[in-house]
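First the structure, in the form of structure tokens, and then the observations on it.
Residue numbering restarts at 1 for every chain, and letters A, B, ... go by the order of the sequence lines. Hydrogens, waters and symmetry mates are skipped; everything else that's a heavy atom, side chains included, is used.
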Number of protein chains: 2
Amino acid sequence: MAREKDVRECSIARTLDVIGDRWTVLAIRELMLGNRRFDAIASRTGAPRDILTTRLRKLEASGLVTREQYQERPPRSEYQLTDLGWSLQPVLTTLRDWGDRHLAGPDGPPAVFVHSCGEVLEPTLVCAHCGEVPDRNSLTQRV
Amino acid sequence: MAREKDVRECSIARTLDVIGDRWTVLAIRELMLGNRRFDAIASRTGAPRDILTTRLRKLEASGLVTREQYQERPPRSEYQLTDLGWSLQPVLTTLRDWGDRHLAGPDGPPAVFVHSCGEVLEPTLVCAHCGEVPDRNSLTQRV
DNA sequence: CTACTGGGTTTGAATATCAAACTCAGAGCG
DNA sequence: CGCTCTGAGTTTGATATTCAAACCCAGTAG
């Protein structure tokens, strides 16, 4: 009989519990680009407003985003990423980079980041210990 | 009136069109860990079987995965990542790394990769031009 | 007075998800 | 032979989610 308890415990799955949703990721993208207002996030992501509400509430509950009411009547709030939220930048960067490399966009890469070295950021994942770019053959899985 | 045409064209969104789904990402994880069989992927990810079928078909259609029938009767197939599929490794790696750093797991990090330098892979995103680790302050957005 | 803005909530129909049961064609066992 | 198991799905039917569009409320601009 099937055991059904062999689902893999995994940091990837745990991360997806937090940001494993299109509108969540796109909302974080907008926040990283400096948009703090609900309407701006809604229209730039295309997310339905009610869905966006639940996603932002969940991001707040997860500590990635703060909601600050900057006005009482009528209630107006703005959203900002916490440090924890900003720590997702490598995730968004690799997502963007993969799309840039492999998926054709009508107008080329959007929302480009320029690094302080003067060049457009071309992110590369390296091994922190030796500085080399790991590839499929230089990695061994240890499960 | 709202324009509604100001949804941001974006490589992140395009990437999410391809892999913006929990079961899709977890299936790719299993394929990277060497599981080729439908049942193995289903039980290690916990994905419902019908959903997994549609996800694998879509991955195949997107060119990330090949399905090879290794037996006719009864039909038995195995799945493998293409080079394009393997090119998602930085994405999965940053997802895993973020979970490792920020989300508590009951048994610590799973499915660890060991780099050929001998150390457990601790991935870092650097600027390909100058080799420095970019942070929030060294980046300028160019939208 | 009217229109608009901002940050939502409500509504109701369309879709997607899910667990569990089922299918089909063999293989292994006794 | 009869029985069960495996593998790769498909089917079923109940539940949950998504979505677009309309609505709400309090204030501001004209």
### Query
Where along residues 16-28 of chain A does a heavy atom come under 4.0 Å from DNA chain C, residue by residue in number order?
none

Between [N] atom [atom2] and [X] atom [atom1], what is the distance in whole Å?
X        : N      : atom1 : atom2 : answer
Arg36(B) : dG7(D) : CZ    : C1'   : 17 Å
Gln69(B) : dA8(D) : CD    : C1'   : 10 Å
Arg37(B) : dA8(D) : CZ    : P     : 6 Å
Asn35(B) : dA8(D) : CG    : C1'   : 15 Å
Ile51(A) : dG7(C) : CD1   : P     : 19 Å

For [X], what residues pass the salt bridge (charged side-chain N to carboxylate O under 4.0 Å, His left out) criterion, not counting sequence neighbours?
X         : answer
Asp39(B)  : Arg49(B)
Glu132(B) : none
Arg67(A)  : Glu60(A)

#### Entry: Residue mapping more 5' on DNA chain D - nearest nucleotide basis, Glu78(B) or Ala47(A)
Glu78(B)

### Query
Where each residue is assigned the nucleotide of DNA chain D containing its nearest heavy atom, which of Pro48(A) and Ala40(B) is assigned the position nearer the 5′ end?
Ala40(B)

### Query
Can you name the one residue among Glu30(B), Arg44(B), Arg29(B) that meets side chain to side chain donor-acceptor pair (under 3.5 Å) with Asn35(B)?
Glu30(B)

### Message
Does this structure show an ion pair linking Arg22(B) with Asp17(A), if we count only N-O contacts that are shorter than 4.0 Å?
### Response
yes

### Qualifying residues under side-chain hydrogen bond (donor to acceptor under 3.5 Å, both in side chains), relative to Arg101(A), sequence neighbours excluded
Asp97(A)

### Task
Only counting residues at least two apart or in another chain, list the ones meeting side-chain hydrogen bond (donor to acceptor under 3.5 Å, both in side chains) with Thr45(A).
none

### Task
Among Ile, Leu, Val, Met, Phe, Trp and Tyr joined by side-chain contacts under 4.5 Å, find the other residues sharing a cluster with Leu125(B) and list them by chain and number.
Leu125(A)

Any N/O pairs under 3.5 Å between the protein and nucleotides 9-16 of chain D? List them or say none.
from, atom 1, to, atom 2, distance (Å)
dG9(D), OP1, Arg57(B), NH2, 2.9
dG9(D), OP1, Arg67(B), NH1, 3.3
dG9(D), OP2, Ser77(B), OG, 3.1
dG9(D), OP2, Tyr79(B), OH, 2.6
dG9(D), N7, Arg49(B), NE, 2.9
dG9(D), N7, Arg49(B), NH2, 2.7
dG9(D), O6, Arg49(B), NE, 3.4

### Sequence-aligned protein contact record of nucleotides 24-30 of chain D, with B where the base is within under 4.0 Å of a protein heavy atom and S where only the sugar-phosphate is
--BS---

### Task
Can you sort out the partners of Pro75(A) under side-chain contact (heavy atoms from CB on, under 4.5 Å), two or more places apart, ordered by chain and number?
Gln69(A)

### Query
Which residues pass the ring-ring contact (aromatic ring centres under 6.0 Å, His included) test with His102(A), sequence neighbours left out?
Trp98(A)

### Message
According to side-chain hydrogen bond (donor to acceptor under 3.5 Å, both in side chains), does anything in residues 76-85 of chain B pair up with another residue at least two apart or in another chain? List the pairs.
### Response
Arg136(A)-Asp83(B), Arg36(B)-Gln80(B), Arg57(B)-Tyr79(B)

### Task
With heavy atoms under 4.0 Å as the rule, sort Arg55(A) into base, sugar-phosphate or nothing.
sugar-phosphate

